[in-house]
2 protein chains.
Amino acid sequence: MSKCEQCIVRQLNSLKSLTKKELTRISGCKTSVTIKKGETVFDEGEHLNGVYCISSGISKVSKMSSNGREQILFLIQKGDIIGERSLVSDEVSNLKATAISDMEVCFIPKEEIITDLQENPDFTMNVLKKMAASLKNADNVIVDMAQKTVKQRLAEMLLYLDTKFGHDAETVLNIHLSREDIANIIGTATESAILLLSEFKK
Amino acid sequence: MSKCEQCIVRQLNSLKSLTKKELTRISGCKTSVTIKKGETVFDEGEHLNGVYCISSGISKVSKMSSNGREQILFLIQKGDIIGERSLVSDEVSNLKATAISDMEVCFIPKEEIITDLQENPDFTMNVLKKMAASLKNADNVIVDMAQKTVKQRLAEMLLYLDTKFGHDAETVLNIHLSREDIANIIGTATESAILLLSEFKK
DNA sequence: CGATTGCTTGACCCCCATCAATCCTCGTGG
DNA sequence: CCACGAGGATTGATGGGGGTCAAGCAATCG
């Protein structure tokens with residue numbers, strides 16, 4: 001199993017503020033998992049007991065609404081960390097993470113990393129910063145959902161996908177989503193989303 | 001000016017984990033302001049440079065959408081703290097706070113409280129917990145906005161108002177909102193919101 | 001090569017945004 | 001004390017966005 005100290009994705013997230021010593025300890029107790037496309041990383045209602053650090057692949061993070069439809073809240077990829085909320089609260093997860101492509105994921109148990117949270121202020125500050133950024137982002141999404149038309153939301157989503165995942169020389173996005181997933185990101189019926197998508201291509 | 005050490009609202013928020021010594025220091029540098037109904041506490045684009053602790057009154061926290069309509073994200077009252085994000089990021093505020101009733105608000109400058117954030121792990125943990133809770137809540141709101149009808153959202157809002165502000169013996173809510181504000185919470189036109197509201201009364 | 005899953009298209013109609021007109025309420029000044 | 005004006009609260013008419021259902025088509029997999 002590879003070592004956290006040498007892992008490149010670490011540079012992308014809050015773990016970069018851990019000391020070498022802390023990293024070796026984390027490295028010793030982490031477990032690495034492969035998750036196939038379509039499988040879930042964790043589900044709503046589960047006890048997380050740790051955080052997940054994505055080595056490769058893409059996952060959607062979603063939540064079921066009471067009328068039985070899935071709402072995708074955001075997407076995560078290489079370098080992203082998910083499950084930080086489990087570190088500060090003992091509640092079960094309110095989100096579900098599902099692999100959109102095959103993934104490599106490292107699981108770091110809560111007991112190990114929580115000591116760093118209490119003793120390394122740099123690390124804590126980084127986690128705080130990330131939460132603050134997520135919160136700001138969530139506010140924007142709420143406004144968009146509440147006030148904008150499906151067409152506008154579709155445009156926002158395409159921009160989001162482009163800034164997060166980029167596109168190749170032929171302007172094709174570096175991420176493949178099913179029509180249903182697209183609709184579940186912007187919160188609409190699949191049919192309407194697609195209709196507007198084809199309009200955009202002109 | 002009254003002292004933070006004796007302030008009751010402190011027990012309601014993260015400040016409760018500060019030591020007596022820290023509190024006296026904070027108390028010395030805080031400024032207390034009265035804000036009349038309709039005036040703004042701070043606006044989008046402002047540099048906050050500190051946090052606000054509400055002593056009394058109610059404020060709506062909102063954000064303008066690009067099509068010029070206001071979206072209210074949440075309401076705050078006695079004991080709530082707002083502006084924590086300014087402690088961890090140097091960006092300008094993305095939100096606006098407006099008094100819905102006359103208010104008493106204490107302002108604590110960033111320089112003072114940030115040292116506590118770095119040196120008192122209890123306090124930091126409390127701030128983290130509050131952010132985690134806000135984030136979880138924001139996720140729920142996103143799902144509601146994206147998937148539920150105006151009628152369902154109206155019902156959710158009434159529940160929210162009741163749990164947050166309570167009601168008197170005659171089941172009248174302890175908060176008075178204009179029709180426009182009601183509409184701006186659930187993200188709809190004023191007329192539709194009111195139509196459904198009258199239905200509920202039956 | 002069937003069979004299951006996902007994509008596309010169209011018809012229908014309900015929810016709700018928009019606009020407009022009227023009514024109520026309350027603060028202001030005469 | 002009353003008249004008046006302005007902002008808020010109701011009510012209604014209208015049209016379009018988009019949700020829902022259904023059927024046909026393409027693609028993928030065992």
Side-chain angles (χ1 to χ4, degrees), chain A residues 36-40 58 60 62 64-72 98-102 142-158 161 172-173 175-202, chain B residues 36-40 58 60 62 64-72 98-102 142-158 161 172-173 175-202:
Chain A
K36 292 215 176 306
K37 178 177 175 175
E39 293 177 355
T40 74
I58 298 178
K60 61 179 175 182
S62 64
M64 274 297 175
S65 95
S66 52
N67 50 12
R69 193 184 289 159
E70 177 187 36
Q71 176 65 38
I72 298 180
T98 316
I100 276 185
S101 65
D102 293 351
I142 290 174
V143 175
D144 286 352
M145 287 294 178
Q147 307 268 7
K148 296 196 174 167
T149 65
V150 170
K151 188 183 271 189
Q152 287 175 304
R153 265 140 57 192
L154 182 60
E156 305 268 355
M157 184 203 65
L158 291 174
L161 293 182
V172 174
L173 283 171
I175 175 176
H176 186 68
L177 291 170
S178 77
R179 307 307 159 124
E180 192 181 1
D181 282 340
I182 293 178
N184 287 343
I185 292 177
I186 61 184
T188 185
T190 22
E191 297 92 330
S192 342
I194 306 316
L195 194 61
L196 295 170
L197 237 193
S198 51
E199 277 185 40
F200 269 112
K201 288 185 180 161
K202 294 184 293 192
Chain B
K36 292 217 174 306
K37 176 176 176 177
E39 293 178 354
T40 73
I58 298 178
K60 61 178 175 183
S62 64
M64 274 298 174
S65 97
S66 53
N67 50 13
R69 194 183 288 157
E70 176 187 35
Q71 176 64 38
I72 298 180
T98 315
I100 277 186
S101 65
D102 292 351
I142 290 174
V143 175
D144 287 352
M145 287 295 177
Q147 307 269 5
K148 296 196 175 167
T149 65
V150 171
K151 188 183 271 188
Q152 286 175 304
R153 265 140 57 192
L154 182 61
E156 305 269 355
M157 184 203 64
L158 291 174
L161 293 181
V172 174
L173 283 171
I175 175 177
H176 186 68
L177 291 170
S178 77
R179 306 307 157 127
E180 192 180 0
D181 282 340
I182 293 178
N184 288 344
I185 293 177
I186 62 183
T188 185
T190 25
E191 297 93 329
S192 343
I194 306 316
L195 194 62
L196 294 170
L197 238 193
S198 50
E199 277 185 39
F200 268 113
K201 288 186 180 162
K202 293 183 294 196

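Quick note on labels: first sequence line is chain A, next is B, and so on, each numbered from 1. Predicted model, so just to flag it, every value in this text is computed and none were measured.
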Within the side chain of [X], is there an N or O that forms a donor-acceptor pair under 3.5 Å with the backbone of [Y]?
{"X": "B:Gln71", "Y": "B:Asn184", "result": "yes"}
{"X": "A:Asp102", "Y": "A:Lys37", "result": "yes"}
{"X": "B:Gln147", "Y": "A:Glu70", "result": "yes"}

D:dA9 phosphate, OP1 or OP2: any side-chain N/O from B:Arg179 under 4.0 angstrom?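 Looking at the OP1 and OP2 atoms of D:dA9, one of them is under 4.0 Å from a side-chain N or O of B:Arg179.
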
The helix from C:dC1-D:dG30 to C:dG30-D:dC1: angle between end helix axes, five pairs per end, rounded to 10 degrees: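 Its terminal axes enclose an angle near 40°.
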
Could you state the atom-to-atom distance from [atom1] of [X] to [atom2] of [N] in whole Å?
{"X": "A:His176", "N": "D:dT28", "atom1": "NE2", "atom2": "C1'", "value": "12 Å"}
{"X": "B:Ile194", "N": "C:dC23", "atom1": "CD1", "atom2": "C1'", "value": "15 Å"}
{"X": "A:Gln147", "N": "C:dC16", "atom1": "CD", "atom2": "C1'", "value": "14 Å"}
{"X": "B:Met145", "N": "C:dC16", "atom1": "CE", "atom2": "P", "value": "13 Å"}
{"X": "B:Leu177", "N": "D:dA9", "atom1": "CG", "atom2": "C1'", "value": "15 Å"}
{"X": "B:Leu195", "N": "C:dC14", "atom1": "CG", "atom2": "C1'", "value": "14 Å"}
{"X": "B:Gln152", "N": "C:dC16", "atom1": "CD", "atom2": "C1'", "value": "14 Å"}
{"X": "A:Ile182", "N": "C:dT8", "atom1": "CD1", "atom2": "P", "value": "9 Å"}

Rounded at 0.5 Å granularity, tell me how far [atom1] in [X] sits from [atom2] in [Y].
{"X": "A:Ile100", "Y": "A:Ile72", "atom1": "CD1", "atom2": "CD1", "value": "5.5 Å"}
{"X": "B:Ile194", "Y": "B:Arg179", "atom1": "CD1", "atom2": "CZ", "value": "5.0 Å"}
{"X": "B:Leu154", "Y": "B:Thr188", "atom1": "CG", "atom2": "OG1", "value": "9.5 Å"}
{"X": "A:Leu177", "Y": "A:Ser101", "atom1": "CG", "atom2": "OG", "value": "10.5 Å"}
{"X": "B:Ile58", "Y": "B:Thr98", "atom1": "CD1", "atom2": "OG1", "value": "13.5 Å"}

How would nucleotides 12-22 of chain D be written as a contact map, 5' to 3', with B for base contact, S for sugar-phosphate-only contact and - for no contact, using protein heavy atoms under 4.0 Å? ------SSBBB

Applying the side chain to side chain donor-acceptor pair (under 3.5 Å) criterion to A:Ser66, which one of B:Lys148, B:Glu156, B:Gln152 satisfies it?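 Result: among B:Lys148, B:Glu156, B:Gln152, B:Lys148 is the only option passing the side chain to side chain donor-acceptor pair (under 3.5 Å) with A:Ser66.
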
Return the nearest nucleotide to the side chain of B:Ser178; candidates are D:dT10, D:dA9, C:dC7.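 Among D:dT10, D:dA9, C:dC7, the one nearest the side chain of B:Ser178 is D:dA9.
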
